[in-house]
Asks: 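Once you've had a glance at the structure underneath, I'll fire off some questions.
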Amino acid sequence: MNLNFRFAIVSDPHVALPHTIENSKSPFHLIEISIPALELVFERLAQANAKIDFLLLTGDLTHHGEPDNHAWLASRLVRLPFPVYVIPGNHDIPVLKSNHQSIGWTEFGHYYQKSGYENPESLYYTCEMLPGVRLIALNSNIFDAQGNQLGRLDEAQLQWLEDVLIRANAHQELVLVMVHHNVVEHLPDQSNHAMGRRYMLDNAGELRQLLARYGVQLVFTGHLHAQHIACQQGLYDVTTGSLVSYPHPYRILEFRTDARGRQTLQIASHRVESLPAWPDLPAKSRQLMADRSYPFMMRLLSVPPLSLPQPLCEEFAPFLRYFWADIACGDAWCDFPQFPPKVREYFQSFSSTNGNGQPMIKDNNITLELHAPR
């Protein structure tokens with residue numbers, strides 16, 4: 001099938017109306033810019049030259065699942081001149097049952113019936129967005145018996161997913177999957193790291209195997225607040241950074257089929273560079289991230305695999321002020337020659353480029369070569 005289309009991705013916008021913003025500051029993101037930043041992106045995507053066929057929002061739509069924030073966003077999305085498809089992030093349904101602050105698990109779909117959730121009773125869905133193009137939107141938020149939130153796909157959803165994939169294969173559809181938690185590791189040993197595993201789907205391996213079995217090549221995620229593209233078992237996990245966190249990105253993607261039937265996905269990353277109250281937004285937010293990074297870096301140095309003693313953590317942490325900002329920006333080369341060899345090698349492993357500066361997989365702007373659906 002000759003598929004050619006264009007779409008956009010915005011992730012983790014953390015929408016917060018002024019009266020829902022808490023006094024406490026988030027360490028690495030600017031909740032106060034959520035609505036003006038999102039409005040600017042909507043304005044750009046609605047311009048005639050954008051020509052997008054649809055928009056994906058890959059979770060953490062709201063600050064903390066506040067009813068007013070969900071209501072504002074839902075009403076705003078239906079006024080856009082293109083279809084929008086959403087999924088919940090951990091911030092959108094942080095509690096099983098609604099409380100004084102947040103909506104409950106069963107309420108999410110009712111807000112977004114015009115953004116994918118035609119059946120509001122289910123937190124996952126599928127739809128044919130364009131002829132021959134199928135979206136599978138997964139829910140990676142469940143709760144255990146004690147009411148704790150987990151990042152996992154339950155067995156019922158996995159069985160439903162396989163049924164959908166079987167039908168999609170039978171019709172030779174291109175399948176795009178979106179889920180909030182990461183499916184492929186974007187950080188070294190992310191699934192096992194004390195700080196990284198919270199951003200991974202608990203049963204990511206099971207999902208990867210299922211998607212590989214049916215030839216799925218593209219999954220779009222959020223949650224990590226970083227620009228990064230990783231590949232495993234032929235599956236590309238394109239994670240997009242948070243709109244309210246440095247570098248304030250969004251993506252525009254073009255799927256193309258050439259005359260010989262070869263298929264590619266061209267990914268272009270864009271940024272919100274300026275807002276009325278923030279004329280130099282990226283520079284200011286990068287510096288804020290650096291200024292607030294010390295506790296984060298102290299913990300990273302102290303937990304396995306480094307497990308450094310407190311004095312060394314205190315010595316090394318100041319050199320890492322901009323470390324996470326560089327990771328979040330994508331296409332990073334991380335090298336700290338002043339560190340001992342093993343510590344230096346560990347931080348080099350976070351790089352998106354090798355020691356010669358050559359990208360392994362570019363994180364911001366790249367064309368992925370794909371194979372035709374089975």
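For the numbers below, each heavy atom of this structure counts, side chains included, while hydrogens, waters and symmetry mates do not. In this text the structure is predicted, and so the values were computed from the model without any measurement.
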Asks: Using side-chain contact (heavy atoms from CB on, under 4.5 Å), reason through Leu320 and Leu301 one step at a time and then give a plain yes or no.
Replies: CA-CA 10 Å; Leu320 296 167; Leu301 290 163; 4.0 Å; yes
Asks: Is a side-chain donor-acceptor pair under 3.5 Å present for Ser269 with Arg251?
Replies: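 Side chains of Arg251 and Ser269: pair found under 3.5 Å.
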Asks: Which value, rounded to the nearest 0.5 Å, describes the distance between Leu224 atom CG and Arg198 atom CZ?
Replies: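 The CG atom of Leu224 sits 10.0 Å away from the CZ atom of Arg198.
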Asks: What are the two closest heavy atoms between His270 and Ala268, and how far apart are they?
Replies: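 Here His270 and Ala268 meet closest at CD2-O, 3.6 Å.
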Asks: Can you give me every donor-acceptor pair (side chain of residues 85-94, partner residue at least two apart or in another chain, under 3.5 Å) with its distance?
Replies:
| residue | atom | partner | partner atom | Å |
| --- | --- | --- | --- | --- |
| Asn90 | OD1 | His180 | NE2 | 3.1 |
| Asn90 | OD1 | His223 | ND1 | 3.2 |
| His91 | ND1 | His63 | O | 2.6 |
| His91 | ND1 | His64 | ND1 | 3.4 |
| Asp92 | OD1 | Leu61 | N | 2.9 |
| Asp92 | OD1 | Thr62 | N | 2.8 |
| Asp92 | OD1 | Thr62 | OG1 | 2.8 |
| Asp92 | OD2 | Asp60 | N | 2.9 |
| Asp92 | OD2 | Leu61 | N | 2.9 |
| Asp92 | OD2 | Gly89 | N | 2.7 |

Asks: Evaluate Thr221 against Asn182 for side-chain hydrogen bond (donor to acceptor under 3.5 Å, both in side chains), listing each step before the verdict.
Replies: CA-CA 6 Å; Thr221 65; Asn182 300 156; 3.2 Å; yes
Asks: If you take all heavy atoms of Leu306 and Leu300, which pair is closest and at what distance?
Replies: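 Minimum heavy-atom contact is CD1-O, 4.4 Å.
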Asks: Looking only at the side chains, is there a donor atom on one of Asn364 and Gln227 sitting less than 3.5 Å from an acceptor on the other?
Replies: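 Short answer, yes.
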Asks: Just to verify, which of Phe255, Phe220, Tyr250 counts as forming a ring-ring contact (aromatic ring centres under 6.0 Å, His included) with Phe7?
Replies: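 Among Phe255, Phe220, Tyr250, the one that satisfies the ring-ring contact (aromatic ring centres under 6.0 Å, His included) with Phe7 is Phe220.
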Asks: Show your reasoning for whether side-chain contact (heavy atoms from CB on, under 4.5 Å) applies to Phe143 and Leu150.
Replies: CA-CA 6 Å; Phe143 294 85; Leu150 307 174; over 6 Å; no
Asks: Should we count CD of Glu369 as having more than 12 external heavy atoms under 6.0 Å?
Replies: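 No, the 6.0 Å shell around CD holds no more than 12 heavy atoms from other groups.
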Asks: Does Asp335 come within less than 4.0 Å of Arg344, counting only side-chain N to carboxylate O?
Replies: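 Arg344 and Asp335: salt-bridged.
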Asks: More than 12 non-hydrogen atoms from neighbouring residues, nucleotides or ligands closer than 6.0 Å to CZ on Phe319, yes or no?
Replies: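 Open: at most 12 neighbouring heavy atoms sit under 6.0 Å from CZ of Phe319.
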Asks: Is Cys127 close to Glu118 at the side-chain level, that is, under 4.5 Å between some pair of heavy atoms?
Replies: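 No, their side chains stay 4.5 Å or more apart.
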Asks: Could Arg167 and Glu173 be called an ion pair, given the rule that one side-chain N must be under 4.0 Å from one carboxylate O?
Replies: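 Looking at Arg167 and Glu173, the cut-off is not met.
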Asks: Would you check if Trp324 and Ser293 make a side-chain contact, meaning some heavy-atom pair closer than 4.5 Å?
Replies: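 Heavy-atom side-chain distance check fails, nothing below 4.5 Å.
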Asks: Distance check, rounded to the nearest 0.5 Å: Leu187 atom CG versus Glu185 atom CD?
Replies: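 Result: 8.5 Å between the selected atoms.
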Asks: Under the criterion side-chain hydrogen bond (donor to acceptor under 3.5 Å, both in side chains), I'd like the reasoning laid out for Ser11 against Thr240: C-alpha separation, chi angles, the key distance, then a yes or no.
Replies: CA-CA 6 Å; Ser11 194; Thr240 300; 5.8 Å; no
Asks: Would you say the side chain of Ser242 lies within less than 4.5 Å of the side chain of His14, judging by non-hydrogen atoms?
Replies: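 Yes - at least one pair of side-chain heavy atoms lies under 4.5 Å apart.
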Asks: Show your working on ring-ring contact (aromatic ring centres under 6.0 Å, His included) between Phe108 and His70 and close with a plain yes or no.
Replies: CA-CA 8 Å; Phe108 181 86; His70 279 300; 5.6 Å; yes
Asks: Restricting to non-hydrogen atoms, name the atom on Arg321 and the atom on Gln287 that form the minimum distance, rounded to 0.1 Å.
Replies: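 So the minimum-distance heavy-atom pair works out to NH2-NE2, 2.9 Å.
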Asks: Taking Lys284 first and then Asp280, would you say they form a salt bridge - that is, a charged N and a carboxylate O separated by under 4.0 Å?
Replies: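 Looking at Asp280 together with Lys284, the answer is no, because their closest N to O distance does not fall below 4.0 Å.
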Asks: Is a salt bridge present between Glu254 and Arg6, judged by a nitrogen-to-oxygen distance below 4.0 Å?
Replies: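 Yes.
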Asks: Are Tyr294 and Phe347 in one and the same hydrophobic cluster, where Ile, Leu, Val, Met, Phe, Trp and Tyr link if side-chain heavy atoms are under 4.5 Å apart?
Replies: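 In one cluster: no.
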Asks: Would Thr126 and Arg134 count as a side-chain hydrogen bond (donor to acceptor under 3.5 Å, both in side chains) if you check the C-alpha gap in whole Å, the side-chain angles of each, and the deciding distance to 0.1 Å?
Replies: CA-CA 7 Å; Thr126 184; Arg134 177 158 299 279; 3.0 Å; yes
Asks: With a 4.5 Å cut-off on side-chain heavy atoms, are Asp12 and Val244 touching?
Replies: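 Val244 does not reach Asp12 side chain to side chain.
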Asks: What's the separation between atom OG in Ser122 and atom CG in Asn139, rounded to the nearest 0.5 Å?
Replies: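 Output value for this atom pair is 8.0 Å.
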Asks: Could you go step by step and tell me if His181 and Ser140 meet the side-chain hydrogen bond (donor to acceptor under 3.5 Å, both in side chains) rule?
Replies: CA-CA 6 Å; His181 290 71; Ser140 56; 2.7 Å; yes
Asks: Work out which heavy atom in Thr20 is nearest to a heavy atom in Glu66; give both atom names and the distance.
Replies: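 For Thr20 versus Glu66, the nearest heavy atoms are O-OE2, 4.1 Å.
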Asks: For Arg286, what residues pass the salt bridge (charged side-chain N to carboxylate O under 4.0 Å, His left out) criterion, not counting sequence neighbours?
Replies: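 So Arg286 forms a salt bridge (charged side-chain N to carboxylate O under 4.0 Å, His left out) with Asp326.
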